[in-house]
Amino acid sequence: MNFYGDGARMGMHQDKEERSGAPVVSLSLGDTCIFRLGNGENRGRPWTDVALASGDLFVFGGESRWVYHGVPRVFPGTAEPSLGLTGRLNITLRETGRS
């Protein structure tokens, strides 16, 4: 679980320490963010930016499981007020293959 407050972000990274090729499932709650799905070679281009709003579920697996990815931007104040959440909460489900 990750919480992103105002101005928070997560740099491009790979989950290369994990041994399982099972897909990663990510649920977004709260503020909208840009999720950047990159390539498997480095942190640079090419990449695809996807806007993830509250309630969006994002799954990446197969070859995409091992690419660089990150959150370069969160849009403060975009959460539905009735949610009662300031910021973005990301719930990630993954099988690491580690004991």
Undergrad: So, N2 versus T92: side-chain donor-acceptor pair below 3.5 Å or not?
TA: no

Undergrad: State, yes or no, whether a side-chain contact exists between L37 and F58 at a heavy-atom distance under 4.5 Å.
TA: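 In contact.
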
Undergrad: To check you understand the geometry: which heavy-atom pair defines the closest contact between Y68 and E41, and what is its length?
TA: CE1-C, 3.9 Å

Undergrad: Apply side-chain hydrogen bond (donor to acceptor under 3.5 Å, both in side chains) to Y4 and list each qualifying residue two or more places apart in sequence or on a separate chain.
TA: none

Undergrad: Go through the structure and list residues passing side-chain hydrogen bond (donor to acceptor under 3.5 Å, both in side chains) with N39, not counting sequence neighbours.
TA: none

Undergrad: Verify the cluster assignment for L57 and V24: are they in a single hydrophobic cluster under the rule of side-chain heavy atoms below 4.5 Å apart?
TA: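 Result: no, two separate clusters.
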
Undergrad: Does the side chain of S54 reach to within under 4.5 Å of the side chain of D31, using non-hydrogen atoms?
TA: no

Undergrad: Indicate if L52 and V67 have the same hydrophobic cluster label, given that clusters are the connected sets of ILVMFWY residues with side-chain heavy-atom separations under 4.5 angstrom.
TA: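 Yes, it is one cluster - the side chains of L52 and V67 are joined through contacts under 4.5 Å.
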
Undergrad: Once side-chain hydrogen bond (donor to acceptor under 3.5 Å, both in side chains) is applied, do any residues pair with S20, and if so which ones, sequence neighbours excluded?
TA: E95

Undergrad: Heavy atoms only: give me the nearest V59-P23 pair and the separation to one decimal.
TA: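 What the structure gives for the nearest pair is CG1-CB, 3.8 Å.
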
Undergrad: Checking R9 now: which residues fulfil side-chain hydrogen bond (donor to acceptor under 3.5 Å, both in side chains) with it, not counting sequence neighbours?
TA: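 None.
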
Undergrad: Decide if atom CD of E17 counts as having more than 12 heavy atoms of other residues, nucleotides or ligands within a radius under 6.0 Å.
TA: yes

Undergrad: Any idea which heavy atoms bring P76 and D6 closest together, and the distance?
TA: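 Closest heavy-atom pair between P76 and D6: CB-OD1, 3.3 Å.
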
Undergrad: Going by ring-ring contact (aromatic ring centres under 6.0 Å, His included), name the pairs with one or both residues in residues 10-29, residues two or more places apart or in two chains.
TA: H13-H69

Undergrad: Could you walk me through whether N42 and M12 pass the side chain to side chain contact (heavy atoms under 4.5 Å, CB included) check?
TA: CA-CA 9 Å; N42 57 54; M12 296 288 278; over 6 Å; no

Undergrad: Any ion pair linking D49 and R73 (charged N to carboxylate O, less than 4.0 Å)?
TA: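 Salt bridge absent between R73 and D49.
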
Undergrad: Just wondering, do I91 and L29 contact through their side chains at under 4.5 Å, heavy atoms?
TA: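 SC-SC contact between L29 and I91 confirmed.
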
Undergrad: Report yes if some heavy atom in the side chain of F35 is under 4.5 Å from a heavy atom in the side chain of F60; otherwise report no.
TA: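 Yes - at least one pair of side-chain heavy atoms lies under 4.5 Å apart.
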
Undergrad: Compare all side-chain heavy atoms of E18 with those of R65 and state whether any distance is below 4.5 angstrom.
TA: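 Yes, their side chains come closer than 4.5 Å.
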
Undergrad: Tell me which donor-acceptor pairs under 3.5 Å the side chains of residues 77-89 have, and how far apart each pair is, sequence neighbours excluded?
TA:
residue: T78; atom: OG1; partner: T32; partner atom: N; Å: 2.8
residue: T78; atom: OG1; partner: F75; partner atom: O; Å: 2.7
residue: R88; atom: NH2; partner: S28; partner atom: OG; Å: 2.9

